[in-house]
*Asks:* 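There's a structure below that I have some questions on.
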Amino acid sequence: MKSYDNVFVMDHPLIQHKLTFLRSVDTGTKEFRELVSEIATLMCYEATRDLPLMDVETVTPMQKTTTKVIAGRKLAFVPILRAGLGMVDGMLNLVPSAKVGHIGLYRDHDTLKPVEYYNKLPQDITERDVIVLDPMLATGGSAMDAITLVKRSHPKSIKFLCIIAAPEGLEVLTKTHPDVQIYCAAVDEKLNENGYILPGLGDAGDRIFGTL
Ligand SMILES: O=P(O)(O)OC[C@H]1O[C@H](OP(=O)(O)OP(=O)(O)O)[C@H](O)[C@@H]1O
Ligand SMILES: O=c1cc[nH]c(=O)[nH]1
Ligand SMILES: [Mg+2]
């Protein structure tokens, strides 16, 4: 894999183990949905590693002491509909106070270009660090457009979190949005002639919602 300064591949054994079952054609909708959510939780843990901390005074039953809390940063999660929705609950497990925006995009089957159909972001997004969510980064068109839309609202920062990335998508996204850190669980081989990731896991939205 080509190396990029702002791409982080999460090789934690728990993530890799769950990803194997996510890929399998024998995994049904219920289990697929649970795995997407669990992987999102594990990825959220890593992607929030750089949140700043500050000292606070805490009184334990034994004595007064100095401990740490997150230093006033607020998060917003922005799933790309539909498939990104599958990651939201897993993220909220770790950061229940995060707000959730939605960007609706589908990829036109013929052109493979994203088509926007919904856009609702938190009003106070300028005060928030945004994590855009989508299990799949294929040609990169959907992530590129979603991040462009989010940038128009001027959040403090943007990260992109996906489960499987294609090399083609990483090339496009790192060039278009070099300021955005990208987190993924795997970088696969390539796209097929229909823009599907190989080996991939098929159509993430269809597998999450059972619309195959
Ligand atoms: O990198 P790209 O080439 O743009 O492809 C990736 C996009 O395709 C899938 O969405 P899809 O269009 O299937 O919509 P869905 O989530 O409603 O199924 C996926 O969830 C991404 O949003
Ligand atoms: O492999 C792919 C490519 C785009 N979208 C998916 O859901 N899967
Ligand atoms: Mg789909």
Side-chain angles (χ1 to χ4, degrees), residues 1-2 4 6-7 9 18-25 27-29 31-37 39-40 43 77-91 100-121 130-151 158-178 180-212:
M1 172 204 155
K2 183 174 166 185
Y4 300 92
N6 55 347
V7 176
V9 184
K18 289 176 191 295
L19 181 56
T20 291
F21 293 96
L22 195 69
R23 287 184 190 276
S24 170
V25 69
T27 298
T29 302
E31 197 188 347
F32 189 90
R33 204 182 285 141
E34 288 166 358
L35 285 163
V36 168
S37 189
I39 291 171
M43 293 185 81
F77 302 140
V78 179
I80 302 177
L81 307 181
R82 286 176 303 166
L85 283 176
M87 301 172 77
V88 173
D89 283 352
M91 301 289 291
V100 181
H102 295 87
I103 291 184
L105 294 177
Y106 71 87
R107 209 167 65 144
D108 182 276
H109 278 290
D110 298 322
T111 64
L112 299 185
K113 298 284 176 224
V115 181
E116 185 187 343
Y117 61 90
Y118 193 72
N119 180 351
K120 183 86 178 169
L121 298 173
V130 167
I131 304 183
V132 177
L133 307 171
D134 195 324
M136 309 304 277
L137 178 70
T139 66
S142 304
M144 184 176 77
D145 284 9
I147 291 167
T148 300
L149 288 169
V150 172
K151 276 188 177 173
I158 304 179
K159 291 179 178 178
F160 178 71
L161 209 155
C162 63
I163 297 180
I164 298 182
E168 294 88 336
L170 286 179
E171 192 65 25
V172 164
L173 201 53
T174 50
K175 282 222 170 72
T176 329
H177 295 297
V180 172
Q181 292 183 342
I182 302 168
Y183 293 83
C184 61
V187 179
D188 274 10
E189 280 172 31
K190 59 177 180 180
L191 299 177
N192 73 6
E193 60 284 3
N194 298 317
Y196 276 82
I197 300 175
L198 298 178
L201 49 71
D203 190 301
D206 283 342
R207 293 195 67 185
I208 290 169
F209 294 105
T211 49
L212 281 169

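Both counts, for ligands and for their atoms, begin at 1 and track the order of listing.
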*Asks:* Hey, is Pro135 one of the residues with a heavy atom under 4.0 angstrom from ligand 2?
*Replies:* no
*Asks:* Please table the atom pairs, donor to acceptor, closer than 3.5 Å between any side-chain atom in residues 200-212 and protein atoms at least two apart or in another chain.
*Replies:*
unit_1 : atom_1 : unit_2 : atom_2 : d
Asp203 : OD1    : Gly205 : N      : 3.1
Asp203 : OD1    : Asp206 : N      : 3.0
Asp203 : OD2    : Tyr196 : OH     : 2.9
Asp206 : OD1    : Arg82  : NH2    : 2.9
Asp206 : OD1    : Thr211 : OG1    : 2.6
Arg207 : NH1    : Leu22  : O      : 3.2
Arg207 : NH1    : Leu201 : O      : 2.9
Arg207 : NH2    : Ser24  : O      : 2.7
Arg207 : NH2    : Thr27  : O      : 3.0
Thr211 : OG1    : Arg82  : NH1    : 3.1

*Asks:* Please check whether Leu112 reaches ligand 1 - meaning an N/O of the residue sits under 3.5 Å from an N/O of the ligand, judged on distance alone.
*Replies:* no
*Asks:* Leu81 versus Tyr117: any side-chain heavy-atom pair under 4.5 Å?
*Replies:* yes
*Asks:* If you measure every N or O of Ala204 against every N or O of ligand 2, does any of those distances drop under 3.5 Å?
*Replies:* yes
*Asks:* Between Asp206 and ligand 1, find which residue part has any heavy-atom pair under 4.0 Å and reply side chain, backbone, both or neither.
*Replies:* neither
*Asks:* Throw together a table of side-chain donor-acceptor distances under 3.5 angstrom for residues 133-141, partners on residues two or more places apart or in other chains.
*Replies:*
unit_1 : atom_1 : unit_2 : atom_2 : d
Asp134 : OD1    : Met136 : N      : 3.1
Thr139 : OG1    : Gly141 : N      : 3.2

*Asks:* Does at least one non-hydrogen atom of Gly195 fall below 4.0 angstrom from an atom of ligand 1?
*Replies:* no
*Asks:* Check Leu149 against Leu121 and note the closest heavy-atom contact, atom names and distance.
*Replies:* O-CD1, 4.4 Å
*Asks:* Under a 4.0 Å heavy-atom limit, does Ala204 contact ligand 1 with its side chain, its backbone, both, or neither?
*Replies:* neither
*Asks:* Could you check which N/O/S atom of Asp203 is closest to the Mg ion (ligand 3)?
*Replies:* OD1
*Asks:* Would you check whether Met136 has a nitrogen or oxygen atom less than 3.5 angstrom from a nitrogen or oxygen atom of ligand 1?
*Replies:* no
*Asks:* Looking at ligand 2, is there an atom of it that comes within less than 4.0 Å of some heavy atom belonging to Arg107?
*Replies:* yes
*Asks:* Tell me whether Gly195 reaches ligand 2 (any heavy atom closer than 4.0 angstrom to a ligand atom).
*Replies:* yes
*Asks:* Compute the shortest N/O to N/O distance between Ala143 and ligand 1 and return yes if it is under 3.5 Å, no if not.
*Replies:* no
*Asks:* Among protein heavy atoms, which lies nearest atom 8 (N) of ligand 2, and at what distance?
*Replies:* Gly202 O, 2.8 Å
*Asks:* Determine whether any protein heavy atom is located less than 4.0 Å from atom 10 (O) of ligand 1.
*Replies:* no
